[in-house]
Protein chains: 4
Amino acid sequence: MKNVKDFDKKEAIFQAMLELISKHGFHSSPMSEVAKQADVAAGTIYHYFKSKDELICALYVRLKEKYIENLFLTDDQNKPFKERFRHFYLQMIIEAQKNPKEFYFLEQFSNSPFISTIPKAEITRLDQPVYDFLRKAVFTQILRDIPPKILVAFVMGSANAIIKLQLSGEFQMTSSDLELAFFTCWDGIKKI
Amino acid sequence: MKNVKDFDKKEAIFQAMLELISKHGFHSSPMSEVAKQADVAAGTIYHYFKSKDELICALYVRLKEKYIENLFLTDDQNKPFKERFRHFYLQMIIEAQKNPKEFYFLEQFSNSPFISTIPKAEITRLDQPVYDFLRKAVFTQILRDIPPKILVAFVMGSANAIIKLQLSGEFQMTSSDLELAFFTCWDGIKKI
Amino acid sequence: MKNVKDFDKKEAIFQAMLELISKHGFHSSPMSEVAKQADVAAGTIYHYFKSKDELICALYVRLKEKYIENLFLTDDQNKPFKERFRHFYLQMIIEAQKNPKEFYFLEQFSNSPFISTIPKAEITRLDQPVYDFLRKAVFTQILRDIPPKILVAFVMGSANAIIKLQLSGEFQMTSSDLELAFFTCWDGIKKI
Amino acid sequence: MKNVKDFDKKEAIFQAMLELISKHGFHSSPMSEVAKQADVAAGTIYHYFKSKDELICALYVRLKEKYIENLFLTDDQNKPFKERFRHFYLQMIIEAQKNPKEFYFLEQFSNSPFISTIPKAEITRLDQPVYDFLRKAVFTQILRDIPPKILVAFVMGSANAIIKLQLSGEFQMTSSDLELAFFTCWDGIKKI
DNA sequence: TATGAATGAGCGTTCATTCAT
DNA sequence: TATGAATGAACGCTCATTCAT
C-alpha cells in the first residue's frame, strides 16, 4: 500500500511539473501550482525531492531515459540497417507527436542552463543507446565515417527541428513528407 | 548627443541582458542585475522597454536578425550553389562560435514558451533570407524537391546541434570535421 | 486551533490596515507596514487576501456591516418612532465617537474611487436596515413623503458631517448640542 | 506673453491633476501622467509647485474657494432669507452637477488625511461666506439657535450627500425632488 | 508520511523628484 | 523658463522552502 501510494504521489508530482513546464516554462511553474495539480500538499513534494531544481533534473533524466528507450522498443535487429534506421528516425517523430509535453520539456531543458547541471557522464549514459546504434553502423561501413558524436548530433538535431516544425502546427506534414525527411537524413549519413 | 546616449544605454541594457540570460537563464537574470551590469538605474530600463518580457523579445528579434544577416554577408552569388551552401553552412558554425552568448540566447529563447509570443509573421520575416536562399535552389533543381520549410528545419536543426556539440566543449571539432559535417548535410539535400 | 489562529491573523491584518489607512490614507499604508503592525510576514497577508485592493474592500464591507448593525442593536421597536429615530441618530454619533478609526476609514473609502468597485447590490444590501427603518415610517405617515433614498442620504449625510465636526476637535459638542442636532434633523423629516 | 504662458501652464497642470484625481484617486494619478495630460514636461510641474502634495493642496484651496464663491454669485440680498437660502441650497446641487470633477475632488480631499495638512485658519477662511450667511440668519432669529458650526455642517453635509446620490446615477432626481430636499433642510433649521 | 499555513528574501515595476542641457 | 532622461527608494506581490502539527 505504502509503495503504491509513494509511487502514485511521486508520479503525480512528476506529471504535474511536466504539464506546467511544458506549457509555461520553468518560471511560471510555481511549486504551489505543481502541488495543486498533483493533488498533494506543497510540503509533500519536499519529501520526494530536495528542491525544485532537483525535481526538474530528476524529471529530465526520467523522461530522456524513457524517450530513448521507446525509440528502440520496436527495433528489429534482424532487419537491414537502413530499414532499422528508417524505423528509428520515424519513431523519433512519432514518439514526439504522441508525447508533445515530454518533447517540449526535454528541448526546453537541454537548451537551458539546467543542462549543465547534469553530469556529463549521466548525459553520455542517456545517449548511449543511440550512440551505440549509430557507431556500430559506422564500424560496419554502412554509414559514413563521421565521429559518432557528430553523427548523433546531426541525426537528432535534424529530427528535432522537423518535430518542432510539425508540433508548431505551422506545417502539416504528410507521411510522404516524413519519408522525404528520412531520405534526406539517410542520404547524408550513408556510406557512398 | 541625445542619440548617442540613447544608443549607449539601450545597447548596454541589451548587452547586459544577453550576458545574463545566456549564462543564467531567463529567471535567474533579475532586472536589478541587468541594471547593475548595464550601469544604469533599474528604472531606466523601463524608459526603453515596457517590461522584462518585452526587453527579452526585442533582444531576440534583434539578435536573430543580425545572426541571419551575418550568414549572407560574405555570400558570393556568382559562385556555384554548392560552394555558396558550403559557405553558408560553415558560416553558421563560425558565427555561433564567435558569438556563443548570442547563440545560447537564441536557442534558449526559441525552445521556451517565449517563442510563441512572437507573431508568426515576424518569425517568417526573420527566416526569410534562409528560406529564399534554399527555395531558389530547389526551384532550379539543385536541391532535392523537399518542402522548403522542412528543408530549412533540416539544415538549421542539424547545424545547431553540431554547434551545441562544439560549444559544449565535449568534442574538439577540427576543420576536417566541419567539412565532413557540411558534406553530410549536402549529400542529404542535394538533388540526386 | 486552526480556526483560532486563522481568526487571529486575519483579524490582526484587518486591524492593522484599518489603523494605518484611517491615519495615513490608502497610499501611505504599504503592505509591508501592515504586515509589521499585524505581526505577520508580508506574504501571509496574501494567504487571506488576493491583493491590497481586495483587503481594503473586504475591510470596508466588514466595517460597514458592523457599523449599521450596531445602530439597531439597542433599537426598541415598541417605542414611538420619534424616540426610536432619536436613538438611532444619536447612536450614529456615539458609535463614530467610540470608533473614530472605523468612521474615518468608511468615509475615506466611500469618497474615493474605491467605492465604485463595490457592486451596487452589495451597497444596497449594506444600507438595507436603515433604508427599511425610514421607509416604514414614511409609509405610516410619520415621516414626510420623500423618496427613501433621498431621506437616507439626508439623514446620514447630515449626521456624518456633524460627526466629522466633532471628531476634528474643532468644536466641543455638548449633549444639548446633540439634542439640538437631532431636532434639526427630525423637524426636517417629520410629517407636518 | 510670459504671464499668459505661465497662466496657461499652471492652469493646464491644475486641470490635468483635477481630471486624474477625480477619476482615479490620489494614487493612480502619477505626475508623469499629469505632465502628459497637461502637455508639459514632468520637470516643468516643479517650477510651479514644490511637490505633488503641494500641488494637490493648492488645487484644493483653489477649487474650494471658487466653489463657495459661485454659491453666492447670484445671491440677492434684498430677497427674504428663506428665498435666499433656497437659492443657496439648490445652487450647491446645481454647481456640483455642472462640475462633478470638482465636487468629487473636494469630497475626496476633505475625507482624506490630506485635509489635516491644511491649516485650520485656512479652512475657516474658505468656509467664512457660508458661515456668515447662516450666522446672520441665526442672529436675526430666522434660523433656529444652533451653534453656527453645527448649522453649516448640517446644511452642507446633507446637501453633499444628496449630490452624491444624484451624481452616482443611482437615483434620477426631479426638480420636485430638489424642492422637497430644500424643504426638508429648511424645516429643520428654521426658527419654529 | 503528509499537511498547508507561514515565512521573508527577492522579484518586476512604479513614480516623485532631480538636473544637465 | 522648460525639458525629459535618469534616478533609486519603495512599492505590491510571488514563491521556494520550512516546520509545527
Side-chain angles (χ1 to χ4, degrees), chain A residues 1-3 5-6 9-10 27-36 39-56, chain B residues 1-3 5-6 8-10 27-36 39-55, chain C residues 1-3 5-6 8-10 27-36 39-55, chain D residues 1-3 5-6 9-10 27-36 39-56:
Chain A
M1 178 83 168
K2 190 187 133 215
N3 285 329
K5 271 183 83 178
D6 264 25
K9 296 227 161 145
K10 206 171 173 180
H27 71 308
S28 315
S29 299
M31 293 297 259
S32 58
E33 209 59 39
V34 174
K36 203 179 289 172
D39 205 31
V40 300
T44 304
I45 302 178
Y46 290 85
H47 284 295
Y48 296 98
F49 305 96
K50 265 211 213 99
S51 67
K52 185 182 183 183
D53 279 20
E54 204 190 83
L55 162 53
I56 290 172
Chain B
M1 184 77 167
K2 189 188 137 220
N3 285 328
K5 273 183 85 176
D6 263 25
D8 283 355
K9 296 246 155 120
K10 206 174 175 180
H27 80 291
S28 299
S29 303
M31 293 298 259
S32 57
E33 211 58 42
V34 175
K36 208 177 288 173
D39 202 32
V40 300
T44 303
I45 302 178
Y46 292 87
H47 275 293
Y48 295 98
F49 307 97
K50 269 214 207 82
S51 66
K52 185 181 182 182
D53 280 21
E54 204 190 82
L55 161 53
Chain C
M1 186 76 169
K2 189 188 137 224
N3 284 328
K5 274 183 83 176
D6 264 25
D8 283 356
K9 296 243 154 120
K10 207 173 174 180
H27 80 293
S28 298
S29 304
M31 292 301 257
S32 58
E33 211 58 41
V34 174
K36 207 176 288 172
D39 202 32
V40 300
T44 302
I45 302 178
Y46 292 87
H47 276 292
Y48 296 98
F49 306 97
K50 271 216 207 80
S51 66
K52 186 182 181 180
D53 280 21
E54 205 190 83
L55 162 52
Chain D
M1 179 77 168
K2 191 185 133 218
N3 285 329
K5 271 182 85 178
D6 264 25
K9 296 226 162 148
K10 206 172 175 180
H27 71 308
S28 313
S29 298
M31 293 296 260
S32 57
E33 210 59 39
V34 174
K36 203 179 291 172
D39 205 31
V40 301
T44 304
I45 302 178
Y46 290 85
H47 284 294
Y48 296 98
F49 306 97
K50 266 213 213 95
S51 67
K52 186 181 181 182
D53 280 19
E54 205 190 83
L55 161 53
I56 290 174

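Computed from heavy atoms alone, side chains included, the values below leave out hydrogens, waters and symmetry copies. Every chain is numbered from 1 and lettered A, B, ... according to where its sequence line falls, protein lines coming before strand lines.
Heavy-atom distances to DNA chain E give each of Ala41(C) and Gly43(A) a nearest nucleotide, and the one nearer the 5′ end belongs to Gly43(A). Nearer to the 5' terminus of DNA chain E, by closest-nucleotide assignment, is the contact made by Val40(C) (compared with the other of Lys50(B) and Val40(C)). In terms of position along DNA chain F, the nucleotide closest to Pro30(C) lies nearer the 5' end than the nucleotide closest to the other residue of the pair Pro30(C) and Ser51(A).
The interatomic distance linking Ile45(C) (CD1) with dC11(F) (C1') rounds to 13 Å, in whole Å. Met31(C) places its CE atom 17 Å from the C1' atom of dA9(E), with the value rounded to the nearest Å. Between His27(C) atom NE2 and dT14(E) atom P there is a gap of 17 Å when expressed in whole angstrom units. Atom C1' of nucleotide dC15(E) and atom CG of Leu55(D) are separated by 15 Å, given to the nearest angstrom. Per the geometry, OH belonging to Tyr46(A) stands 6 Å off P belonging to dA16(F), to the nearest Å. Atom NZ in Lys36(D) sits roughly 11 Å away from atom P in dA5(F) (whole-Å rounding). In this structure, the OH atom of Tyr48(C) is 17 Å from the C1' atom of dC13(F), given to the nearest Å. dA2(E) atom P lies 13 Å from atom CG of Asp39(A), rounded to whole Å.
Counting all heavy atoms, side chain and backbone alike, Ala41(A) lies closest to Ala35(A) at C-CB, 3.9 Å. Minimum heavy-atom separation, Ser28(A) to Pro30(A): C-CD, 3.4 Å.
Side-chain N or O atoms of Lys52(C) include one that pairs as donor or acceptor with a backbone N or O of Ser29(C) at under 3.5 Å.
Residue Ser32(D) places none of its side-chain N or O atoms closer than 4.0 Å to OP1 or OP2 of dC15(E). Under 4.0 angstrom from either OP1 or OP2 of dT3(F) there lies at least one side-chain N or O belonging to Thr44(D). Dashed line: the shortest gap from a side-chain N or O of Lys52(A) to OP1 or OP2 of dT17(F) is not under 4.0 Å.
Side-chain atoms of Lys9(A) lie closest to dT3(E) of the nucleotides dG4(F), dA2(F), dT3(E). The side chain of Ala42(A) approaches dT17(F) more closely than any other nucleotide in the set dT17(E), dT17(F), dG12(E).
Pair check for dC19(F) finds dG4(E); Watson-Crick or G-U wobble, both atom distances under 3.5 Å.
Considering NZ of Lys50(D) and CG of Leu55(D), their distance stands at 13.0 Å, rounded to 0.5 Å. Atom CZ of residue Phe49(C) and atom NZ of residue Lys10(C) lie 5.0 Å apart, to the nearest 0.5 angstrom.
Remark: the His47(A) side chain and the dA2(E) base include a donor-acceptor N/O pair separated by less than 3.5 Å.
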